[in-house]
Amino acid sequence: MRQERVALLLLAGVAVTVLAAHLVLSTVGQQPFAHPFTNTSADGELVIVEGTVDRADVLANGGHLILQVNNLSVFIPSQAAQNLTLHEGDTISAYGTVQTYRGKKEIVVNSRDDIRVTTQS
């Protein structure tokens with residue numbers, strides 16, 4: 001009986017610790033873990049890009065959004081692009097993973113919360 005109580009207390013402690021860590025990490029976000037994008041960034045790496053939107057195109061097949069920022073493509077899937085209005089000249093920061101598409105590196109953003117507009121044109 002005593003060993004079972006200790007085991008249950010340990011299990012409850014681990015559960016509380018995991019829940020607390022999840023809450024802290026979801027509050028902090030991805031920013032502390034992202035590295036600035038460079039040409040040597042590897043596919044799958046979490047990166048950040050900051051700069052001015054040179055071009056913003058909505059794709060006809062699915063409503064995905066493609067931005068050109070600092071000569072780099074930023075792909076925003078339709079579910080993340082909903083209710084997102086970006087224009088040429090806006091200054092943004094975007095977090096995402098590096099992906100090579102048709103031989104060129106791009107950043108794929110997963111969530112609307114991973115894009116911040118710092119200055120609107």
How many angstroms lie between CG in Leu86 and OG1 in Thr91, if you round to the nearest 0.5 Å?
-> 11.0 Å
Is Val53 linked to Phe75 within one hydrophobic cluster, defined over Ile, Leu, Val, Met, Phe, Trp and Tyr using a side-chain heavy-atom separation of less than 4.5 Å?
-> no
Exam field: side chain Ser93 to backbone Glu50, donor-acceptor pair closer than 3.5 Å | no
How far does CG of Leu67 sit from CD of Glu88, to the nearest 0.5 angstrom?
-> 10.5 Å
Do you know the tightest heavy-atom contact between Ser78 and Gly62?
-> CB-O, 3.0 Å
Please confirm whether the backbone N or O of Ile115 pairs with a side-chain atom of Arg112, one donor and one acceptor, at under 3.5 Å?
-> yes
Got more than 12 heavy atoms from elsewhere within 6.0 Å of CG, Asp43?
-> yes
Mind checking the CG-CD spacing from Asn110 to Gln79? Nearest 0.5 Å is all I need.
-> 8.5 Å
Looking at Ala34 and Val47, what are the two nearest heavy atoms and their distance?
-> CB-C, 3.9 Å
Do you know the tightest heavy-atom contact between Asp90 and Thr85?
-> OD2-O, 4.3 Å
Val98 and Ala42 have their tightest heavy-atom pair at CB-O, 3.3 Å
Between Glu45 and Thr97, a side-chain donor and acceptor under 3.5 Å | no
Can you hop from Leu59 to Val69 via hydrophobic side chains spaced under 4.5 Å?
-> no
Nearest heavy-atom pair of Tyr95 and Ile107: which atoms, and what distance?
-> C-CG2, 4.5 Å
Closest contact, heavy atoms only, Lys105 versus Leu72 | O-CD1, 3.5 Å
Please check if Val117 and Leu65 belong to a single hydrophobic cluster, counting links between Ile, Leu, Val, Met, Phe, Trp and Tyr side chain heavy atoms closer than 4.5 Å.
-> yes
Hey, any chance Leu84 and Ile66 share a hydrophobic cluster, counting ILVMFWY side chains that come within less than 4.5 Å of each other, even indirectly?
-> no
